[in-house]
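A short worksheet on the structure shown next.
The analysis underlying the following values was restricted to heavy atoms, covering all of them including side chains, and did not include hydrogens, waters or symmetry mates.
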Amino acid sequence: MQIPCGWLCDRFKPGKILLIGGLCWGVFQIITGFISSSKIFMFIRTLLGISEAPIYSAGAKLQSI
């Protein structure tokens with residue numbers, strides 16, 4: 001997911017992408033604590049990984065500006 005997120009950082013402002021990714025990451029991290037089903041747990045963990053992907057590309061883009 002880092003390649004599509006890098007494309008999003010090139011197309012839009014990396015600060016906003018980083019903010020959205022960080023907020024989604026926090027929400028999915030909180031939801032993980034309330035899950036009792038293993039299938040939903042795996043789905044939320046996948047969403048957690050997807051929301052964590054823009055951190056590296058957005059951070060690199062912000063440092064290069």
Connected-component partners of Ile30 among ILVMFWY, side-chain separation under 4.5 Å
Phe34
If two hydrophobic side chains count as joined below 4.5 Å and joins carry through other members, does Val27 share a cluster with Ile44?
yes
Taking transitive links into account, so neighbours of neighbours count too, which hydrophobic residues share a cluster with Tyr56 at under 4.5 Å side-chain distance?
none
Would you list the pairs meeting salt bridge (Lys or Arg N to Asp or Glu O under 4.0 Å) in which at least one residue belongs to residues 3-28, sequence neighbours left out?
Asp10-Lys61
Going from CE on Met42 to CD1 on Ile40, what distance comes out if it is rounded to the nearest 0.5 angstrom?
10.5 Å
Might you point out which heavy atoms bring Cys9 and Pro14 nearest each other, and give the distance in Å?
O-CD, 4.0 Å
For residues 40-50, which residue pairs pass the salt bridge (Lys or Arg N to Asp or Glu O under 4.0 Å) check, not counting sequence neighbours?
none
Would you mind listing every salt bridge (Lys or Arg N to Asp or Glu O under 4.0 Å) that reaches into residues 24-41, with sequence neighbours excluded?
none
Out of curiosity, does Ile35 fall in the hydrophobic cluster containing Phe28 (side-chain heavy atoms, cut-off under 4.5 Å, transitive links)?
yes
ILVMFWY cluster, Leu48 and Phe41 together (side-chain gap under 4.5 Å)
yes
Taking every heavy atom of Ser51 against every heavy atom of Pro54, the minimum-distance pair comes out as O-CD, 3.3 Å
Give a yes or no on whether Ile31 and Phe43 share a hydrophobic cluster (residues Ile, Leu, Val, Met, Phe, Trp, Tyr; joining criterion: side-chain heavy atoms under 4.5 Å apart).
yes
What pairs meet the side-chain hydrogen bond (donor to acceptor under 3.5 Å, both in side chains) rule with one or both residues in residues 19-35, with sequence neighbours excluded?
none
Cluster partners of Leu8, using ILVMFWY side-chain heavy atoms under 4.5 angstrom, listed by chain and number?
Trp7, Phe12, Ile17
Using side chain to side chain contact (heavy atoms under 4.5 Å, CB included) as the criterion, list what pairs up with Leu18, not counting sequence neighbours.
Ile55, Ala58, Leu62
Leu19: which residues meet the side chain to side chain contact (heavy atoms under 4.5 Å, CB included) condition with it, sequence neighbours left out?
Leu23
